[in-house]
Amino acid sequence: MTSFSLKSMLAHTIKTLEILKKNPHVVDIKRTLLLPPGQCIFKHTEGRHISLRRQSRSTATSGRAAKGEASLLKWSLLLIPATAFGLGTWQVRRRQWKTRLIAQLESLVAAEPVPLPADRLELNDLEYRRVKVRGRYDHSRELYLLPRSPINPEKEAREAGRLSSSGDTGANVITPFHCTDSGITILVNRGYVPMQKVRPETRVEGQADGKMDVVGVVRLTEVRKPFVPRNDAERNRWHYRDLEAMAAVVGVEAIFIDTDVASSVPGGPVGGQTRVTLRNEHAQYMMTWYGLCAATSYMWYAKFVKKIRV
């Protein structure tokens, strides 16, 4: 029995040496010779002998690479909630800035009026600033901004909780105003009239004549917003303030003011139609980004910390 075992070992060793002779790239001869018969570390594949120990080393290397890739993916995914948190914080600051800006504009609208500057370039820094002018209206060249709804803070406060409002629509009457002090003619938004009062003959008592003092808020030109119809100068239908075009039609300076309520004439348009229009949707954006941060943070925690498959 012992003789048979020795013969078998000898045969196995001879076979191994032959393999090494034909495959000089194979290493770890000592381990090969010590293996029991029939457990050669070489595997025959397509005429080549491959070391199983080399395969195990390759597998270990692949495992470490896969682990490294998984770790990289883990920390890379953490960038999503971190970025969302940063954007939410940025929106908080934007909201604070926008709130302060709106408060400043509202204070300008309520400030004491100043004389209208003679230099048009100065007006670029005076939007929403109250100014006072003295002169007379030219009612023969009225322009109409429509459709418009009346600005009534008390009424808007009453209807704030309703699903629908009264839906009053009409137009703002824009009238050339000759300033006797400076000698220039400007555009003045006299205020709101309902649709049945748009034509001048329907409000004759409100067509003031003679010199008068007017206080108004400086407004600059507007850019047409999406879905807003284009102005139709031929039909005298203006949907947004294009000062250059409006001034060219009636031959006046491209200067525009909204009159205040006190400058309204009984029976005529109702002044005070200035609305501080600045979009302030940063609170919604803030909630969106912080919500995304919270959701993705939980998913990351559940996946990589609690080991719960999401």
So, taking the atom named [atom1] in [X] and the one named [atom2] in [Y], what distance separates them when rounded to the nearest 0.5 Å?
X: His139; Y: Arg203; atom1: NE2; atom2: CZ; value: 8.5 Å
X: Thr89; Y: Phe85; atom1: OG1; atom2: CZ; value: 4.0 Å
X: Arg275; Y: Arg148; atom1: CZ; atom2: CZ; value: 10.5 Å
X: Thr288; Y: Gln284; atom1: OG1; atom2: CD; value: 7.5 Å
X: His178; Y: Asp138; atom1: NE2; atom2: CG; value: 10.5 Å
X: Phe177; Y: Ile255; atom1: CZ; atom2: CD1; value: 12.5 Å

Same hydrophobic cluster for [X] and [Y], using side-chain heavy-atom links shorter than 4.5 Å among ILVMFWY?
X: Val252; Y: Val249; result: yes
X: Val173; Y: Leu143; result: no
X: Val218; Y: Val114; result: yes
X: Val250; Y: Leu145; result: yes
X: Ile186; Y: Val215; result: no

Check: So, is the end of the Arg190 side chain (NZ or CZ) under 6.0 Å from the ring centre of Tyr137 and within 45° of the ring's axis?
Finding: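 Arg190 over Tyr137 ring: yes.
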Kindly give the heavy-atom pair with the smallest separation between [X] and [Y], and that separation in Å.
X: Pro269; Y: Val193; result: CA-CG1, 3.6 Å
X: Thr175; Y: Glu142; result: OG1-CG, 3.8 Å
X: Gly271; Y: Val261; result: O-CG2, 3.7 Å
X: Leu146; Y: Gly170; result: CB-O, 3.7 Å
X: Val265; Y: Ala208; result: CG2-CB, 3.8 Å
X: Glu122; Y: Pro117; result: OE1-CB, 3.4 Å

Min side-chain heavy-atom separation [X]-[Y] under 4.5 Å:
X: Arg241; Y: Asn189; answer: no
X: Ile151; Y: Gln273; answer: yes
X: Pro115; Y: Lys132; answer: yes
X: Tyr240; Y: Asn231; answer: yes
X: Met212; Y: Ser263; answer: no
X: Ile184; Y: Ser182; answer: yes
X: Gln91; Y: Trp289; answer: yes
X: Glu253; Y: Thr185; answer: no

Check: Using a distance-only test with no angle check, is there a side-chain donor-acceptor pair under 3.5 angstrom linking Tyr192 and Ser149?
Finding: no
Note to self: For a side-chain contact (heavy atoms from CB on, under 4.5 Å) check, start with the C-alpha distance between Val188 and Asp258, then their side-chain angles and the critical distance, and finish with the verdict.
What the structure shows: CA-CA 6 Å; Val188 174; Asp258 290 336; over 6 Å; no
Next item on the list: Test Tyr285 against Trp90 for side-chain contact (heavy atoms from CB on, under 4.5 Å), laying out the working first.
Entry: CA-CA 10 Å; Tyr285 299 148; Trp90 178 66; over 6 Å; no
[X] side chain vs [Y] backbone, donor-acceptor pair below 3.5 Å:
X: Ser297; Y: Pro81; answer: no
X: Arg219; Y: Thr274; answer: no
X: Thr221; Y: Leu243; answer: yes
X: Thr259; Y: Gly216; answer: no

Margin query: Quick check on Glu234: does its CD atom have over 12 non-hydrogen neighbours (other residues, nucleotides or ligands) under 6.0 Å away?
Written below: no
Next item on the list: Could you give me the CA-CA distance, side-chain angles and deciding distance for Arg93 and Trp97, then say whether side-chain contact (heavy atoms from CB on, under 4.5 Å) is met?
Entry: CA-CA 6 Å; Arg93 296 177 180 175; Trp97 167 79; over 6 Å; no
Next item on the list: Check the pair Asp181 / Arg134 against salt bridge (Lys or Arg N to Asp or Glu O under 4.0 Å), numbers first and verdict last.
Entry: CA-CA 7 Å; Asp181 294 339; Arg134 180 173 177 79; 5.7 Å; no
Notebook entry, point to check: So Phe256 and Ile174, side-chain contact (heavy atoms from CB on, under 4.5 Å) or not? Walk me through it.
Noted result: CA-CA 9 Å; Phe256 190 105; Ile174 316 301; 3.6 Å; yes
Next item on the list: Determine, for Glu106 against Arg100, whether the closest basic-nitrogen to carboxylate-oxygen distance falls under 4.0 angstrom.
Entry: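 No salt bridge links Glu106 with Arg100.
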